[in-house]
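Notes for the one structure printed next.
Chain A is the first sequence line, chain B the second, and so forth, proteins listed ahead of strands; every chain is numbered from 1. All figures in this text were calculated on a predicted structure; none of them were measured in a lab. Heavy-atom basis, side chains included; hydrogens, waters and symmetry copies ignored.
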Amino acid sequence: MLEGLNEQQKKAVIQKDGAMLILAGAGSGKTKVLTTKIAYLISEYGVSPYNILAITFTNKASKEMQQRITSLIGKSSITASTFHSFGVKILKENYDLLGYKKNFVILDSDDSLTLIKKLLKDLNYDPKMFSPYVIRNKISSNKNEFILPSEYKKFVRNEEDDVVYKVYQLYEETLKRNNSVDFDDLLILPIILFRQFSDVLERYQDRYKYIFIDEYQDTNHAQYLLTKMISDKYKNICVVGDNDQSIYAFRGANYKNILNFENDYKNCTVVMLEQNYRSKKIILEAANCVIRNNKFRKDKNLWSDKEDGSLISLYQASDEKDEVNYIIGEIKKLLDKSIEKKDIAILYRTNAQSRVFEQEFLKQNIPFRIVGSFYFYSRKEIKDLLAYLRVIYNPNDDISLLRIINTPKRGIGNKTISELEFKASIENKSLFDCIVEGKAKEFKDIILDLKNDLDKMSLTDFIEDILNKTGLKKALEEEHSLEADIRLENLEEFKSVTKNFEDLTGVISLEDFLLEVSLVSDIEEYKDDEDRITLMTVHAVKGLEFPYVFIAGLEEGIFPHRNSLNSNEELEEERRLMYVAITRAKEKLYLSWAKKRMLFGEEQLSIKSRFINEIDEKLLDKSLESSGGIKVRESKVYDTDQQYKYGDKLLHETYGVGVVVDVQDKIITVAFQNGIGIKKLLKNHKSIKKL
DNA sequence: AAGGAAGACTTTTTT
DNA sequence: AGTCTTCCTT
C-alpha cells in the first residue's frame with residue numbers, strides 16, 4: 001500500500017494516533033495520502049471503518065474518496081460526507097432534542113433570500129434602502145461565526161445593523177415556526193445540540209474516533225467548532241490544507257483555522273507535501289509567478305521533476321464569441337490528435353460566462369457538460385416542483401407554499417394571500433391549516449390528494465403524478481413557446497434524477513430524497529461519465545485535474561472580479577483562485593481574454609487581466625496575440641470607426657444587403673431586403689461591411 | 001381582484 | 001439576459 005509514496009507521504013500515512021496537520025501544495029497527492037492513510041488505518045491497524053469520519057468539501061469529493069478506499073481495500077463503510085450532509089445526519093438523529101419535528105425541510109440560499117425579502121416587506125423596510133442580498137449575507141456570516149441574534153444585538157451600531165438585527169431575529173423565528181432549517185443551521189444546530197447535551201456529544205465522540213478533514217483552509221468558524229468538539233475526547237484528527245488554495249472567504253472560510261490547529265493540538269505532527277506530481281514544469285512555474293504576488297502568505301517551495309512541457313497559449317479575442325471560436329478551434333486540434341473530450345476543461349470566473357459556450361457547443365454539436373448549480377436546481381420550474389414536494393412532505397412549510405399556491409395560475413392573488421397570512425398570525429397556525437374555502441381550497445385539495453398518492457407509487461411516478469395533477473405540465477404545454485418546451489424538458493430531466501436516485505439507493509422515500517437533493521448542487525453527480533468536454537467555474541474545479549485546461553475571460557473586472565478590486569484581501573483571494581485554476585492543468589494550459597464582452601445586456605470594453613501580466617513572458621506563447629495574430633481572424637475586425645449616413649448600403653454576413661435608415665452614436669438602424677426587415681446594429685461590428 | 005405588460009434592477013464565487 | 005416591481009387593463 002505504501003508503494004509509490006515519497007518519504008513525507010509515508011510518514012503521514014503510517015502515524016496511527018494523534019493530531020496531524022498536512023500542508024499539501026497543489027497536485028502533491030493529498031487525496032492519495034488521505035485515502036491511503038484511511039485504508040492503512042483499517043487494514044494495518046485494525047481500526048473499524050465504523051469509527052472513521054472523513055469530511056470533504058463537495059459531495060463529488062466524498063464519492064471519489066469512497067471509491068478510492070474501496071479500490072485499495074475493498075468495500076468499507078466509513079462515513080464520508082460534506083460538513084453539511086454530516087449536519088443533516090446529526091439533525092436527522094436528534095431533531096426532537098433541538099425542538100424540531102421529523103419532517104423538517106432544508107432551505108437553500110435562494111429560499112433564504114425570498115424569505116428575507118418577504119420579512120423586509122413585513123417590517124415595512126424599503127428593499128431599495130436595505131438590500132436583501134446584503135442582509136442575507138450578513139445573517140449568514142453571523143451564523144457561520146456562531147453569533148446568534150441575541151449576541152448580535154450587542155454589535156448594533158447603526159441603522160443598517162439594526163435592520164439586520166430585526167430581520168435576523170424574525171428570520172430565525174420564522175424558520176423555526178416553519179420547521180425548516182437553512183444551510184448554516186446544518187452546522188450550527190449540531191453545535192448547539194452538543195453544548196446542551198454532553199451525553200449526545202460523547203456518543204458521537206465514541207463513534208468517530210478518527211476524523212479526517214480535507215480542504216481545511218476553507219473551513220469556517222462553525223465547522224472548526226464542530227470538529228473540535230467531536231475530536232476532543234480522542235484527539236485523533238488529521239487535517240489537510242493549502243493556504244494558497246483558500247478561495248471561500250466570502251462564505252466565512254478562515255484559513256487561520258490552520259494556524260489555530262497548531263495551537264489547539266500543541267504536539268501535532270506537521271507534514272509538508274511539496275512535490276507536485278500533476279503539472280508540467282512550465283505550468284507550475286506560471287502558477288508560482290502568479291501566487292508570488294500575494295503579500296500575505298507563507299512562502300512555499302512547490303517543485304516538480306516533470307519535463308518542461310509546451311508553452312502556455314495566450315489568445316486575445318475581439319469579443320466573447322471570438323474567444324469561444326478560438327477555444328473550439330484549439331479543441332478540435334486536440335481531438336484530431338485523438339485526445340479524449342473528458343480530458344479537456346474550460347474554466348471561467350462567473351457562471352454567466354458559460355452561456356456563450358453552451359450555445360456554440362450546441363450549434364457545433366460538440367458533447368459537453370456544464371458543472372454547476374445554476375443550470376439546474378435554480379431553474380424556476382425545478383424550484384416549483386421541489387416546492388410542491390416539500391409542501392406535500394411538510395404542509396406547514398409556508399415558504400414553499402407561498403411559492404406554488406398560485407403556480408400555475410389558479411386565481412389566488414395578493415388579496416387572498418394576505419388574508420391567509422393575517423389569519424395565520426392571529427391563530428398561530430400555518431398558512432396551509434388556515435385554508436378553508438375558495439380557490440385556495442382547491443389548491444389544498446390537490447395537495448391532500450397527492451399526499452394520498454405518495455405511498456402508492458415510486459418517487460419517479462409520483463413526480464409525473466404531481467406534474468399532471470397540479471397542472472404544471474398542462475400550463476407549460478399550452479404556452480407553445482420554445483422557453484416552455486425547455487422547461488418541460490427540464491422537468492423530464494428531473495425524473496431521470498429521481499430514477500437514478502432510486503436505482504442507486506434502492507427504494508427511496510420522499511424524506512430521504514428531499515434531504516439529499518437540497519445538498520446536491522449538481523444534477524451531473526447522478527450521471528455516468530460520458531466522454532464530454534467539461535465546463536465549470538474556477539470554484540467548482542477545486543480538487544480536480546485535467547490534462548488540457550482553458551481559462552477564459554481573463555479580463556480586469558471579470559477575473560479578478562470587479563467587486564474584489566477595492567480591497568487587497570479580496571484581490572489576493574482572486575489571485576489564489578487564479579492559482580487554483582492554473583494548477584488544475586497537467587499537460588497544457590490555454591489562457592484567453594476578450595477586448596469586448598456583453599455584460600448585463602451591454603457591451604463592455606476590457607483590458608487584459610493583471611494575472612496574465614504576472615506570468616513570466618518566457619512561459620507564454622503569444623503568437624496569437626493581436627500584433628502577430630492569425631490574419632484570417634483579425635481581418636474580420638474593424639477597429640477603425642466606420643462612419644455611416646442615411647442611405648448608405650452595407651452587407652451583413654447573415655442578413656445580406658441593407659440600407660441605413662437611421663444613425664446614432666454607436667448604433668445604426670438598417671432595413672434589409674427579402675423580408676428580413678429592420679435591424680439595429682453596432683456600427684463597427686465585424687459582421688457588417690460598408691458597400 | 002387577478003393577470004399581463006412595461007420598466008427597473010441585478011448575481012462573483014457554493015454547501 | 002433574466003427576474004422582480006409597478007402600474008394598468010380586464
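Minimum atom distance to the side chain of A:Lys117 is reached by C:dC4, of the listed C:dC4, B:dT14, B:dT15. Considering only the side chain of A:His539, B:dT14 comes nearest among B:dT14, B:dA2, B:dT15. Taking every side-chain heavy atom of A:Thr350 into account, B:dT13 is the closest of B:dT15, B:dT13, B:dA1.
Rounded to whole angstrom, the span from the NZ atom of A:Lys63 across to the P atom of B:dT15 amounts to 12 Å. Atom CD of A:Glu572 and atom C1' of B:dT13 are 18 Å apart (whole Å). When the C1' atom of B:dT14 is taken as reference, atom CD of A:Glu215 falls 13 Å away, rounded to whole Å. Between the CD atom of A:Gln353 and the P atom of C:dA1 there is a distance of 16 Å, given to the nearest Å. Between A:Lys542 atom NZ and B:dT14 atom P the separation is 12 Å, expressed in whole Å. Distance, A:Ile247 CD1 to B:dT15 C1': 13 Å, rounded to whole Å. Here the P atom of nucleotide C:dG2 and the CD atom of A:Glu358 are 11 Å apart, to the nearest Å. Between the CZ atom of A:Phe83 and the P atom of B:dT15 there is a distance of 15 Å, rounded to whole Å.
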Under-3.5 Å N/O pairs linking protein and nucleotides 3-9 of chain B:
residue	atom	partner	partner atom	Å
B:dG3	OP1	A:Gly411	N	3.1
B:dG3	OP2	A:Asn406	ND2	3.0

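Base contact: A:Glu570 has a heavy atom under 4.0 Å from a base atom. Residue-level contact check: A:Phe559 touches neither bases nor backbone, having no heavy atom under 4.0 Å from any strand.
Side-chain contact check for A:Asp319 versus A:Arg597: every heavy-atom pair is 4.5 Å or farther apart.
Between A:Ile116 and A:Ile135, the shortest heavy-atom distance links the atoms CG2-CG2, 4.0 Å. Contact record, A:Asn293 with A:Glu572: O-OE2, 4.3 Å, taken as the closest heavy-atom pair. Residues A:Leu431 and A:Asp398 approach most closely at N-OD1, 3.1 Å, considering heavy atoms.
Between A:Tyr590 and A:Phe550, the ring center distance clears the sub-6.0 Å criterion.
Residue A:Asn351 places at least one side-chain N or O closer than 4.0 Å to OP1 or OP2 of B:dT13. Residue A:Thr416 places at least one side-chain N or O under 4.0 Å from the OP1 or OP2 atom of B:dA2. OP1 or OP2 of B:dT14 has at least one side-chain nitrogen or oxygen of A:Thr537 nearer than 4.0 Å.
Evaluated for a side chain to side chain contact (heavy atoms under 4.5 Å, CB included) with A:Thr227, the options A:Ile213, A:Leu53, A:Val239 yield exactly one hit, A:Ile213.
Legend: residues meeting salt bridge (charged side-chain N to carboxylate O under 4.0 Å, His left out) with A:Arg584, ordered by chain and number and at least two apart, are absent.
The 5' end of DNA chain B is approached more closely, in terms of each residue's nearest nucleotide, by A:Ser131 than by the other of A:Ser131 and A:Ser85. Summary of the strand contacts: A:Glu419 and A:Phe250 both lie near DNA chain B, and taking for each the nucleotide with the nearest heavy atom, the more 5' one is attributed to A:Glu419.
Taken from OG1 in A:Thr219 to CZ in A:Phe57, the straight-line distance is 9.0 Å, to the nearest 0.5 Å.
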